[in-house]
Amino acid sequence: MRRRPESSSTAPDTSAKKSSGTSKTDEEAKLNHGIQIRTARRSGFTWLTLFAVIVYSSWAVYQYQYENLPVPLTAEQAGKRGFSEVAAMKHVKALTELGPHTIGSDAIELALQYVLAELENIKKTAHWEVDVEVDLFHVNVGATRLDSGMFVDRTIIYSDLDHIVLRMLPKYAPEARENAILVSSHIDTVFSTEGAGDCSSCVSVMLELARGISQWAHGFKNAVIFLFNTGEEEGLSGAHSFITQHPWSTTIRMAIDLEAMGIGGKSAIFQAGPHPLAVETFASVAKYPSGNIIFQDIFSSGVIKSATDFQVYREVAGLSGLDFVYADHGAVYHTKNDKLKLLKSGSLQHLGENMLAFLLQIATSSHLSKANATVDDVQSSHDTAVYYDILGQYMVIYRQRFANMLHSSVILQSLLIWTTSLLMGGSTAAVSLAFSCLSNILMWIFSISFSVLAAFILPLISSSPLPYLSIPWLVLGLFAAPAFLGALTGQHLGYLVLKRYLSNVYAKRKQLSPAIQADLIKLETERWLFKAGSLQWLVLLVIGTYYKIGSSYLALVWLVPPAFAYGLLEATLTPGRLPKPLKLATLWMGLAIPILVSAGQFIKLTTVIIGLSVRFIRHPGGTPEWLPSVGLSLFIAAVICLTLVYLLSYIHLSGAKTSIVLSTCILFALSLAVVFSGIIPPFTEETARAVNVVHVVDTTGGIGEKPNSYISLFSFTPGKFTKEVEEIKEGFVCGRHNTIDYVTFSVKYGCLTYDGTEEGWDESNIPTLDVVKDINGDKRITQVKIDTKRSIRWFLAINTEEIEDFTFNVGLEELVAADGKRSIDGCHTIQASGGKNAPTKFELTLFWLQNSTRRSDKMVQSEQRPLLRIRTDLPGVVTPKVETVLEKLPPWYSLFGKSTSPHTLSFLSSLPIDF
């Protein structure tokens, strides 16, 4: 067959004879007459341009999908029935001006009064056919224990909470009150932030939504309930107290939760279901649909240690619905930088318009009761939804049952094609496939190794193990560059192995000249590497389908288009049987849809992981400093190996290998130089390091001993305090010599100072654990009275290596029954918080394990974990020494708060086993 020559190395046999002067036999000339092999001509410039286009395209997809926000509307532009961000921002401003508003503080009372006043105004201006009810709901006391997530090992006690509940329904359709949609968010914040993002932005959106809905609700078939709760930041207490104690909770058929893990940006669906009605309705009417099941799968896997009120609605009440979250600037979460200044323009308009369209649709639906199917029923029927948006403009959604059918069909067809190819190709094809798989394995090994090595280097050359926090794009040079270089190196080694095998196969064939055979071997090797790229996605699709993982749609997207492009342009349209160089058109056609669908998701996931690094450590000093960077490098290496495998197969026959490798090395070297020089600081005033400064009064040393008072400085962000402590100059000594047990976590690396710590606290505030009865019968039972003194926020760890179960009483009321408790690391924790009038005296009854005995040996006793450990916090109290330290902290430091972290004054006490 006739081929057009493109290089002198593959000229016809007669031409080669003239140019080289080498004689061929007449038989060889006859066999090779007319056979010419076209080789690949891919210059370095072409490939660098191609890389630039792919990177720019991915960035453009991300920008359009996540950074393209709607224009904020004024109240006049929105009208009485629309949503105005300008109006909502006034609420955000009013709430953030109150400062941190934790439960039990004066600020939370002012925040409640503000919200209540705004709702009363809405009630006055509502449509005359709309019935608006406003309820200030007070909760005396309650308890919850969740079955999953970060609170699985603890009992949550709450008391003296206030929530505001608003219900809207048609005045002349009273039956609507029997089926309601709940829209919920929380007013309270942690102690370290004014909470512009988490969650004043959510509350403000709800206020503006309520104003708009009040002009529409006369046409509804279902009621809409807005819940402004408090206590979310202390263990989801607000949602639980409402869903278990408020009379309207029995009418709720669907729950919508608004949350924030950062500040602003697009509010996307974070969790959906289990019944698909809510997400299907949202996808059909939302103006700017945003959401992806990838985030739901990651969250439900437990990788992200967090929780939202949606867990209560789903787990306790058995409701389906949607959980929305703001996730931009994740590094500012629960720090001083969660402030109005960083809230992006258009963020509230995006969520508000989407929610308004959704509520108007779902509130007029006759199918709302169907959404109240139990979680187990929906999941057992495989009727959950797979959903993802494209460019933030369209949302693809289908049921899991259809996903199973679609994925199984693609898997069977793929296996059929591969089986047919291997049967036709014989043993040569089978061995070639095996070596192609080896190439993929080597690609993964080298990519991960190079990227992880870079992660280990960073702490050695930087003042922080996370030097990319302030400039996230640095990860391109620090991790993506070595990961790509490793992937290319590993695949090229596999390419050489496969080429050598094919050389041995072709050497047995005498029909072609050595020059033509060499070119054929290269081209066939290239094709095998391309096809092997689809094979790894096929494996992921099989695994995802078997375990019914919604995110496996990604494997489908990255498998089908490249395979179709290869079949169309390389197999179907190729007239001859001898291989040709892969066409660039095949690459473009194969990657266009995958990049469009998933490039933005991968970049967004990377930014989320970087934001989580600020609060990565559960026990400060308990994990290696390099671990967050290693985790990020592994993720980036995995993305590169999965998405660039098709592209890499083109490089080995091009003349661009040297220029590509050199450019990648330069990028990596420049990134290291930037980090080493310190030109770009790892933290800035707007991307602060999360720290805690706690005045600790510790009485765990023993009964009768003098309290030990000191200041503890630690961080949930990896890194040491060496330079900062030198600047603060308050007598701090840093190291791992003193582990501090804060009951909910332990500080294994931190800084302590004992200088000037005797002021600002009183011994009368030290909590007491008094044994009032200890009965040794068939089963040992011990009663303990707990007095937390002034503290309305406290944590008690019960040693489950000694205690089988317990009951917990507030006054005469048994709040927690002896019904079996889960424990982690040998402890079950009681976490309590409440308002100003929360109780401070409790009774705990302990039921010992049968084989537990009292051990009096002093040496053994000193090594034992105490029977009970308690930490009490005094919210809002800042001692003089803590105030001095806070004033001297660098501006790129910020106090960090979460449901388990201490405030600025804490008391520690314990009850030994041998009391």
**Verdict with supporting geometry, Phe83 and Leu73, side-chain contact (heavy atoms from CB on, under 4.5 Å)** = CA-CA 7 Å; Phe83 183 92; Leu73 298 180; over 6 Å; no
**Request:** Please step through side chain to side chain donor-acceptor pair (under 3.5 Å) for the pair Asn292 and Asp389, ending with a clear verdict.
**Result:** CA-CA 6 Å; Asn292 198 298; Asp389 72 275; 5.2 Å; no
**Request:** Apply side-chain contact (heavy atoms from CB on, under 4.5 Å) to the pair Ile156 and Leu236, showing each step before the final yes or no.
**Result:** CA-CA 9 Å; Ile156 308 294; Leu236 315 181; over 6 Å; no
**Message:** Set out, in order, the CA-CA distance, both residues' side-chain angles and the distance that settles side-chain contact (heavy atoms from CB on, under 4.5 Å) for Leu612 and Met261, then state yes or no.
**Reply:** CA-CA 9 Å; Leu612 289 173; Met261 290 177 58; 4.3 Å; yes
**Asked** Where do Thr144 and His240 land on the side chain to side chain donor-acceptor pair (under 3.5 Å) test, with the steps shown first?
**Response** CA-CA 7 Å; Thr144 177; His240 185 271; 3.2 Å; yes
**Request:** Kindly determine whether Tyr387 and Gln296 satisfy side chain to side chain donor-acceptor pair (under 3.5 Å), including the steps that lead there.
**Result:** CA-CA 10 Å; Tyr387 59 92; Gln296 177 174 316; 2.7 Å; yes
**Message:** Before you tell me yes or no, could you show the steps for Glu727 and Lys888 under salt bridge (charged side-chain N to carboxylate O under 4.0 Å, His left out), namely the whole-Å CA-CA distance, both residues' side-chain angles and the distance that decides it to 0.1 Å?
**Reply:** CA-CA 8 Å; Glu727 296 178 6; Lys888 293 186 177 182; over 6 Å; no
**Prompt:** What do the steps show when you test Glu724 against Tyr893 for side chain to side chain donor-acceptor pair (under 3.5 Å), and what is the final call?
**Reply:** CA-CA 10 Å; Glu724 292 81 356; Tyr893 273 28; 2.9 Å; yes
**Request:** Run the numbers on Phe270 and Phe299 for side-chain contact (heavy atoms from CB on, under 4.5 Å), then give the verdict.
**Result:** CA-CA 8 Å; Phe270 188 53; Phe299 188 75; 3.2 Å; yes
**Message:** What verdict does the salt bridge (charged side-chain N to carboxylate O under 4.0 Å, His left out) test give for Glu97 and Lys93, after you've listed the backbone C-alpha separation in whole Å, the side-chain angles of each residue and the deciding distance to 0.1 Å?
**Reply:** CA-CA 6 Å; Glu97 285 177 347; Lys93 186 174 185 295; 2.5 Å; yes
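Between Leu605 and Ile294 there is a side-chain heavy-atom pair separated by less than 4.5 Å. Looking only at side-chain heavy atoms (C-beta outward), Phe226 and Val165 stay at 4.5 Å or farther from each other. You'll find the side chain of Val139 stays beyond 4.5 Å of the side chain of Asp160, heavy atoms only. Side-chain contact between Gln393 and Pro289: absent, with no pair of heavy atoms (C-beta onward) separated by less than 4.5 Å. Two residues are said to be in side-chain contact when any heavy atoms from C-beta on lie closer than 4.5 Å; Thr335 and Ser192 fail this criterion. A heavy-atom distance below 4.5 Å is not found between the side chains of Leu391 and Asn68. By the 4.5 Å heavy-atom criterion applied to side chains, Val691 and Ser894 are not counted as neighbours. Under the 4.5 Å side-chain criterion, counting only non-hydrogen atoms from C-beta, Asp198 is not in contact with Thr193.
Salt-bridge check for Glu353 with Lys287: passed, with a basic side-chain N closer than 4.0 Å to an acidic carboxylate O. The pair Lys604-Asp328 counts as a salt bridge, with a side-chain nitrogen and a carboxylate oxygen less than 4.0 angstrom apart. Under the 4.0 Å criterion applied to side-chain N and carboxylate O atoms, Lys344 and Glu67 are assigned as salt-bridge partners. For the pair Lys336 and Asp338, the salt-bridge criterion is not met [side-chain N within less than 4.0 Å of a carboxylate O].
Scanning all heavy atoms of the two residues, the minimum distance from Ser184 to Asp257 falls at O-OD1, 3.2 Å. Closest approach of Tyr326 to Ser347, counting heavy atoms only: OH-O, 3.1 Å. Considering all non-hydrogen atoms of both residues, Thr879 and Gly760 come closest at CG2-O, 3.5 Å. Counting all heavy atoms, side chain and backbone alike, Ala317 lies closest to Ile243 at CB-CG1, 3.5 Å.
Residues satisfying the ring-ring contact (aromatic ring centres under 6.0 Å, His included) test with Phe191, not counting sequence neighbours, are His903. For His186, the ring-ring contact (aromatic ring centres under 6.0 Å, His included) criterion is met by no residue, not counting sequence neighbours. Under the rule for a ring-ring contact (aromatic ring centres under 6.0 Å, His included), the partners of Tyr468 that lie at least two apart in sequence or sit in another chain are Phe479. Partners of Tyr66 according to the ring-ring contact (aromatic ring centres under 6.0 Å, His included) rule, which considers only residues two or more places apart in sequence or in another chain, are Tyr62.
Between Phe714 and Tyr742, a ring centre-to-centre spacing shorter than 6.0 Å is recorded. Two rings, from Phe242 and His163, have their centers 6.0 Å or more apart. Checked against a 6.0 Å centroid threshold, the rings of Phe716 and Phe745 count as neighbours.
A cation-pi arrangement is found for Arg167 relative to Trp248, the charged atom lying closer than 6.0 Å to the ring centre and inside a 45° cone about the ring normal. Under the 6.0 Å distance and 45° angle rule, Arg81 counts as a cation-pi partner of Trp216.
Although no hydrogens or angles enter the test, the distance criterion places no donor-acceptor pair under 3.5 Å between the side chain of Gln349 and the main chain of Pro72. In this structure, the side chain of Thr623 does not engage the main chain of His619 through any donor-acceptor pair within 3.5 Å. Arg211 places a side-chain N or O within donor-acceptor distance of the main-chain N or O of Lys80, the cut-off being under 3.5 Å. In this structure, the side chain of Asp188 engages the main chain of Glu233 through a donor-acceptor pair within 3.5 Å.
Taken from CZ in Arg790 to OG1 in Thr872, the straight-line distance is 10.5 Å, to the nearest 0.5 Å. Interatomic distance, Asn229 CG to His246 NE2, rounded to the nearest 0.5 Å: 12.0 Å. Distance check: Phe310 CZ to Leu322 CG gives 6.5 Å after rounding to the nearest 0.5 Å. Here OG of Ser901 is found 7.0 Å from CZ of Arg871. Values are rounded to the nearest 0.5 Å.
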Which pairs would a plain distance check flag for residues 99-111, meaning a side-chain donor or acceptor within less than 3.5 Å of a matching protein atom at least two apart in sequence or in another chain?
residue, atom, partner, partner atom, Å
His101, ND1, Gly99, O, 2.6
His101, NE2, Ile187, O, 3.3
Ser105, OG, Thr102, N, 3.4
Ser105, OG, Thr102, O, 2.5
Ser105, OG, Ile108, N, 3.2
Asp106, OD1, Lys836, NZ, 2.2

Run the side-chain donor-acceptor check on residues 679-686: report pairs under 3.5 Å with partners two or more places apart or on a different chain.
residue, atom, partner, partner atom, Å
Thr684, OG1, Glu686, N, 3.4
Thr684, OG1, Thr687, N, 3.1
Glu686, OE2, Lys341, NZ, 3.3

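Using modelled atom types, one finds a donor on one side chain and an acceptor on the other under 3.5 Å when comparing Ser148 with Glu315. No side-chain donor-acceptor contact under 3.5 Å links Arg314 and Ser320.
Ring geometry for His334 against Phe896 counts as tilted: the plane angle lies between 30° and 60°, on a 0 to 90° scale.
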